[in-house]
Number of protein chains: 2
Amino acid sequence: MAIRVARKPSDAYQHGSLRQALVQAGLKLLSEGGAGALSLRAAAQLAGVSHAAPYRHFRDKDALVSAIAEQGFLLLTEAMQAELGRCRHEDAPRRLGALGQGYIGFALAHPGYLRVIFGGVIDKTNPPEGLLIAGQRAYDVLRGVVARGLEAGELSGGDPDTVALACWSMVHGFSMLCIDQALPSFVDRKTQLKIGAQMVRLLAVGVQTPAKR
Amino acid sequence: MAIRVARKPSDAYQHGSLRQALVQAGLKLLSEGGAGALSLRAAAQLAGVSHAAPYRHFRDKDALVSAIAEQGFLLLTEAMQAELGRCRHEDAPRRLGALGQGYIGFALAHPGYLRVIFGGVIDKTNPPEGLLIAGQRAYDVLRGVVARGLEAGELSGGDPDTVALACWSMVHGFSMLCIDQALPSFVDRKTQLKIGAQMVRLLAVGVQTPAKR
DNA sequence: CCTACCGATCGGTAGG
DNA sequence: CCTACCGATCGGTAGG
């Protein structure tokens with residue numbers, strides 16, 4: 001009688017669940033090894049299938065990258081909205097602070113998503129429609145808070161897009177500096193979150209209208 | 001008589017000038033094709049030499065990457081100091097604005113340098129000393145302006161490093177969003193610089209002490 | 001600074 | 001979803 005070897009991980013995939021497993025594998029490669037570590041073959045190996053299997057679910061490498069990025073945008077949007085829901089204040093500056101906290105928290109928890117979205121891995125010449133929509137939805141959450149704050153007179157500093165872009169730039173820049181390990185190494189995760197919170201408050205004050213300060 | 005072919009580019013290199021040519025070639029690859037387009041072989045080909053030649057000047061690929069990054073830090077420092085020299089105001093908020101303009105202007109003009117410095121191309125586990133020093137010098141320019149502004153009472157918002165990090169994060173985040181083409185494509189270069197300038201003023205107001213607003 | 005070579009990895013396809 | 005194969009590219013070394 002033949003010795004029964006342990007089931008291979010591949011046996012666990014069916015009905016297209018391999019697709020999500022490959023997304024997770026790609027994300028893990030990005031998080032641990034950076035953009036250069038992401039390949040279809042490595043993702044397939046991590047998922048326990050042959051290197052030809054991914055082509056049953058993704059037309060090419062770009063398709064996998066886009067799928068990861070789209071999921072990243074969706075989760076980022078959820079993270080920001082969750083933080084917004086937890087914020088009991090109704091004034092725009094504090095709601096902006098909550099958004100920033102959500103963004104930074106998500107970035108530090110899931111660096112792979114930010115690398116694939118912003119790290120130049122995506123081919124921008126021909127982005128799939130779903131990815132554009134997901135990105136727009138994430139931006140609209142921020143823009144909505146800013147626009148309402150400007151209308152209510154709680155914020156100032158320019159048109160909605162300029163102010164929103166300023167907020168986005170700061171939390172995004174801080175997130176990327178943390179992820180890219182550009183900050184001194186003695187700044188640990190806990191300190192990063194603390195500095196992030198302080199910075200977000202600073203920005204909230206900066207865009208607040210002078211009369212309300 | 002043998003036909004005399006046109007001189008190969010390789011004939012132009014001597015006395016170690018190939019080293020700088022390889023740095024420039026690597027920079028061009030990074031600027032045009034992103035982090036994934038940088039390889040020792042491609043850089044050698046761009047410089048017109050065999051793929052083994054670079055090893056006469058760089059121990060391995062990491063050494064070339066570090067050399068590009070170090071030069072990037074030096075030029076970034078120069079760009080910030082030049083903009084600071086052109087700033088005729090003495091108050092910290094406006095000097096911070098000049099620094100930010102210098103940073104964004106350099107980033108948009110030389111995206112390859114920022115990609116190699118912050119794009120996760122460098123192996124952070126064992127950075128050469130020269131690179132660390134160059135990075136520290138660039139940061140010190142910013143930190144100096146912030147620290148003097150806090151001492152003079154022109155700025156507020158926290159300790160020097162937190163305020164400096166907030167400023168750095170914003171201009172860095174905006175620069176990366178522009179470079180990574182994460183902004184809508186209808187935002188052209190000119191608009192980017194205009195929005196950048198507006199954003200920098202916004203931040204300058206944000207970190208200004210309330211009494212001086 | 002060159003040619004020639006090494007092993008490894010990659011994206012992708014053929015054919016089942 | 002598999003094995004087997006393709007051409008291309010990579011970092012790096014031997015030897016001159």
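Throughout, protein chains are lettered first and strands after them, A, B, ... in sequence-line order, and every chain is numbered starting at 1. From a predicted model like this one, the values you see are computed outputs, not experimental measurements.
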* Using a 4.0 Å heavy-atom cut-off across all strands, classify A/Ala53 as base, sugar-phosphate, or nothing. => sugar-phosphate
* For atom CD of A/Gln45 and atom P of C/dA8, their distance in whole Å -> 14 Å
* **Rounded distance in Å - OH (A/Tyr55) to C1' (D/dC6)** => 13 Å
* Asked: Within this structure, what is the CG-to-C1' distance between B/Leu40 and C/dT9, rounded to whole angstrom?
  -> 17 Å
* **Which residue lies more 5' along DNA chain C, comparing A/Ser39 with A/Ala52 via nearest heavy atoms** => A/Ser39
* Asked: Given atom NE2 of A/His57 and atom C1' of D/dC2, what is their separation to the nearest angstrom?
  -> 13 Å
* **Toward the 5' end of DNA chain D, by each residue's nearest nucleotide, A/Arg41 or A/Ser50** => A/Ser50
* For A/Gln192 and A/Asp188, does a side-chain donor sit closer than 3.5 Å to a side-chain acceptor? -> no
* To do: Classify the side chain of A/His51 versus the base of C/dG12 as yes if they form a donor-acceptor pair under 3.5 Å and no if they do not.
  => yes
* **Atom-pair distance (CZ on A/Arg59; C1' on C/dG11), nearest Å** => 13 Å
* More than 12 heavy atoms of other residues, nucleotides or ligands under 6.0 Å from NZ of B/Lys124: is that the case? -> yes
* Whole-Å distance separating the CG atom of A/Leu64 from the P atom of C/dC10 -> 13 Å
* Could you give the CZ-to-C1' distance, from B/Phe58 to C/dC1, as a whole number of Å? -> 15 Å
* To do: Answer with yes or no whether the side chains of B/Trp168 and B/Tyr103 bring together a donor and an acceptor at under 3.5 Å.
  => yes
* Would you please say whether a donor-acceptor pair under 3.5 Å links the side chains of A/Tyr113 and A/Gln71? => yes
* To do: Go ahead and name the base partner of C/dG12; Watson-Crick or wobble counts if both distances stay under 3.5 Å, otherwise write none.
  => D/dC5
* **First of B/Lys61 and B/Arg56 reached from the 5' end of DNA chain D, by closest nucleotide** => B/Lys61
